Amino acid sequence: MGLAVARELTRRHPRASVCVLEREAAIGTHQTGHNSGVIHAGVYYTPGSLKAQLCVEGARELYAYCEGRGIASEACGKVILATDPSELSRLDELERRAKANGVPGLRRLAARDIEALEPHARGVAGLHSPNTGIVDFAAVARAYAQDVLETGGVVTSGCGVEGVEVKARSLLLTHARGATEAGHAIFCAGAWSDRLAVLAGADPDPRIVPFRGAYLRLVPARRQLVRSLIYPVPDPSLPFLGVHLSRHLDGDVLIGPTALLAGARDAYRLRKVRRGDLLNTLAWPGSWRMFRRWWRTGLTELGHATLRSTLVRAAARYVPELRAQDVEPAASFAGVRAQALGRDGRLVDDFVFSATSRALHVRNAPSPAATSSLAIGRYVAGEAERGFGLEP
Ligand SMILES: Cc1cc2nc3c(=O)[nH]c(=O)nc-3n(C[C@H](O)[C@H](O)[C@H](O)COP(=O)(O)OP(=O)(O)OC[C@H]3O[C@@H](n4cnc5c(N)ncnc54)[C@H](O)[C@@H]3O)c2cc1C
């Protein structure tokens with residue numbers, strides 16, 4: 001997000017001094033480099049929401065951007081499968097949303113149509129979204145960084161911001177390399193966005209609660225079980241959950257992700273715990289409200305995360321031939337989802353942007369924010385022009 005916003009600002013305001021401060025040594029170390037790599041088409045999102053608007057625009061722009069920059073991407077298409085008649089009303093709702101959102105080429109599938117698209121998949125009905133595709137988002141982020149540099153901006157890595165002081169005419173950001181005084185700042189810190197927002201004077205609500213997403217992968221000899229992307233019909237109250245099968249550009253086919261409450265905001269290993277992160281989660285009233293409401297779902301997710309056979313069984317609902325011996329762990333793909341959680345226990349679904357003195361904050365940028373990044377960059381740059389009084 002930070003690079004997409006900086007890219008847009010340097011293009012619109014070539015004389016402005018734009019500097020990206022990145023904590024890690026490399027670009028795309030966190031969510032952007034550890035995700036399913038799917039260019040979403042905009043099927044799921046509530047019509048009129050920011051997600052709906054920015055995903056449909058963002059996907060279109062991202063394909064064009066990748067083509068222009070020589071980044072591999074492929075509109076391989078996706079099927080969303082109902083495996084039980086009880087899911088049909090939710091499938092109808094998805095179809096309605098997709099049409100309202102202007103998702104290109106969406107088509108309803110009868111059971112007999114599924115085989116032509118995914119010969120090993122089964123369902124009672126489905127949707128086909130031909131414009132859903134795949135890309136390596138870390139490669140996209142590296143290209144955004146290159147754009148920032150080419151249009152006069154600066155990207156400084158190894159520069160974690162630790163303090164924010166609001167002064168009369170500027171913000172003083174203290175960081176690992178000293179301090180930077182800026183007229184304005186836009187904070188895009190993913191899983192740490194709440195912490196930086198609070199440092200800048202914002203309300204602690206919503207808090208980020210990390211969920212670890214792990215994957216299995218098909219062994220090479222069984223990759224032919226999946227041609228492109230096979231997704232379930234999501235539960236509308238937990239739309240980010242649902243085991244899917246996704247082909248990656250390098251040929252790998254992943255199964256996942258799981259969604260297990262994590263002990264650290266960078267819990268790329270299952271057992272990684274950071275005391276501060278865990279306390280932050282447990283001390284938040286919303287966490288307990290969430291546990292009370294969703295404990296059953298939590299147990300299912302715990303099963304997916306700890307027992308390989310449970311995850312395989314969930315995926316075998318869509319691809320019945322799938323067996324435990326067809327998969328192996330794919331530890332390097334594990335990601336940590338920054339889930340914004342309200343004090344009232346509400347899992348915040350839509351993108352959330354907010355403001356404090358001289359600053360804007362991206363407070364919730366879950367999936368499909370990577371798909372939507374160019375559109376989000378434009379949206380936030382527009383907010384910055386209004387909020388900071390920049391001449392468009
Ligand atoms: C398992 C999983 C699967 C997903 N699948 C998809 C998908 O298929 N398609 C899709 O569109 N989206 C997907 N997403 C969502 C997508 O990855 C995120 O929405 C997107 O990458 C968010 O980008 P970001 O810049 O907000 O966060 P990040 O990529 O996490 O970046 C935040 C950056 O802020 C830096 N930072 C943090 N604190 C500081 C500090 N104090 N000082 C300086 N820098 C700091 C971090 O080092 C990091 O580089 C998925 C996410 C997960 C976790």
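Keep in mind that this is a model prediction, so the values were computed, not measured. Residues: numbered from 1 along the sequence shown. Start at 1 and go down the list; that is how both ligands and their atoms are numbered.
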Identify the closest protein heavy atom to atom 25 (O) of ligand 1: which residue and atom is it, and at what distance?
M1 N, 2.9 Å

For L21, atoms of ligand 1 separated by under 4.0 Å from a heavy atom
43 (C), 44 (N)

Atom indices of ligand 1, in the order listed, that fall short of 4.0 Å to a heavy atom of E24
47 (O)

Please lay out, stage by stage, how V253 and L225 fare under the test side chain to side chain contact (heavy atoms under 4.5 Å, CB included).
CA-CA 9 Å; V253 176; L225 287 178; over 6 Å; no

Whether H248 side chain and S36 backbone form a donor-acceptor pair below 3.5 Å
yes

Rounded to the nearest 0.5 Å, how far does CG of L21 lie from SG of C188?
11.0 Å

For ligand 1, which atoms have a heavy atom of A369 less than 4.0 angstrom away?
19 (O)

For H244 and Y215, test the side chains for any donor-to-acceptor distance below 3.5 angstrom and give the result as yes or no.
no

Please report the shortest heavy-atom distance between L62 and T371, naming the atom on each side.
CD2-O, 4.0 Å

At what distance is the nearest protein heavy atom to atom 16 (C) of ligand 1, and which residue and atom is it?
A370 CB, 3.9 Å

Does the pair D266 and K272 meet the rule for a salt bridge (Lys or Arg N to Asp or Glu O under 4.0 Å), with working shown?
CA-CA 8 Å; D266 57 348; K272 176 151 188 177; 3.4 Å; yes

For a quick test of reading the model, state the closest non-hydrogen atom pair linking A334 to H34 and the distance between them.
O-CD2, 3.1 Å

Just need the protein heavy atom nearest to atom 14 (N) of ligand 1, so name the residue and atom and give the distance.
S367 CB, 3.6 Å

Considering both backbone and side-chain atoms of R337, is one of its nitrogen or oxygen atoms within less than 3.5 Å of a nitrogen or oxygen in ligand 1?
no

Give the residue, atom name and distance (to 0.1 Å) of the protein heavy atom nearest atom 19 (O) of ligand 1.
A365 O, 2.6 Å

State whether the shortest distance between N or O atoms of V161 and N or O atoms of ligand 1 falls below 3.5 angstrom.
yes

Before signing off on this row, confirm whether F137 and ligand 1 have an N or O atom pair separated by under 3.5 Å.
no

Look up atom 31 (O) of ligand 1 and tell me if a protein heavy atom lies less than 4.0 Å from it?
no

The closest protein heavy-atom partner of atom 17 (O) of ligand 1 is N35 ND2, 3.0 Å

Report the part of S193 (side chain from C-beta onward, or backbone N, CA, C, O) that has a heavy atom under 4.0 Å from ligand 1; answer both or neither where that applies.
neither

Just distances here: any N/O of V38 and N/O of ligand 1 closer than 3.5 Å?
yes

Which one holds for Y215 and ligand 1: side chain close, backbone close, both close, or neither close, with close meaning a heavy atom under 4.0 Å?
side chain

May I ask you to check whether S36 has an N/O atom sitting below 3.5 Å from an N/O atom of ligand 1?
yes

Does the residue L196 have a heavy-atom contact with ligand 1, meaning some pair of atoms that are separated by less than 4.0 Å?
yes

Answer with side chain, backbone, both or neither: which part of P366 has a heavy atom less than 4.0 angstrom from an atom of ligand 1?
backbone

Please name the residue in the list E118, H128, K78, E74 that meets the side-chain hydrogen bond (donor to acceptor under 3.5 Å, both in side chains) test with S228.
E118

Please check this pair: side chain of N131 against backbone of G77, looking for a donor-acceptor N/O pair closer than 3.5 Å.
no

Any donor-acceptor N or O pair under 3.5 Å, side chains Y44, D349
no

Heavy atoms of L254 and A330 approach each other most closely as CD2-CB, 4.2 Å

Looking only at heavy atoms, is any part of H175 under 4.0 Å from ligand 1, and if so is it the side chain, the backbone, or both, or is it neither?
neither

Which pair of heavy atoms, one from E24 and one from E22, lies closest together, and at what distance?
N-OE2, 2.7 Å

Is there a nitrogen or oxygen of V336 sitting under 3.5 Å from a nitrogen or oxygen of ligand 1?
no

Tell me which pairs pass side chain to side chain donor-acceptor pair (under 3.5 Å) where either residue lies in residues 330-341, with sequence neighbours left out.
none

Considering only non-hydrogen protein atoms, determine which one is nearest to atom 44 (N) of ligand 1 and report residue, atom name and distance to 0.1 Å.
R23 N, 3.1 Å

Under a 4.0 Å heavy-atom limit, does C159 contact ligand 1 with its side chain, its backbone, both, or neither?
backbone

How far is atom 21 (O) of ligand 1 from its nearest protein heavy atom, and which residue and atom name does that atom have?
T32 OG1, 2.9 Å

Contact between ligand 1 and A191 is defined here as a heavy atom of the residue under 4.0 Å from a ligand atom; is it met?
no

I need the nearest protein heavy-atom contact for atom 48 (C) of ligand 1: residue, atom name and distance, please.
E22 OE1, 3.6 Å

When every non-hydrogen atom of A185 is compared with those of L173, the smallest separation belongs to CB-CD1, 4.4 Å

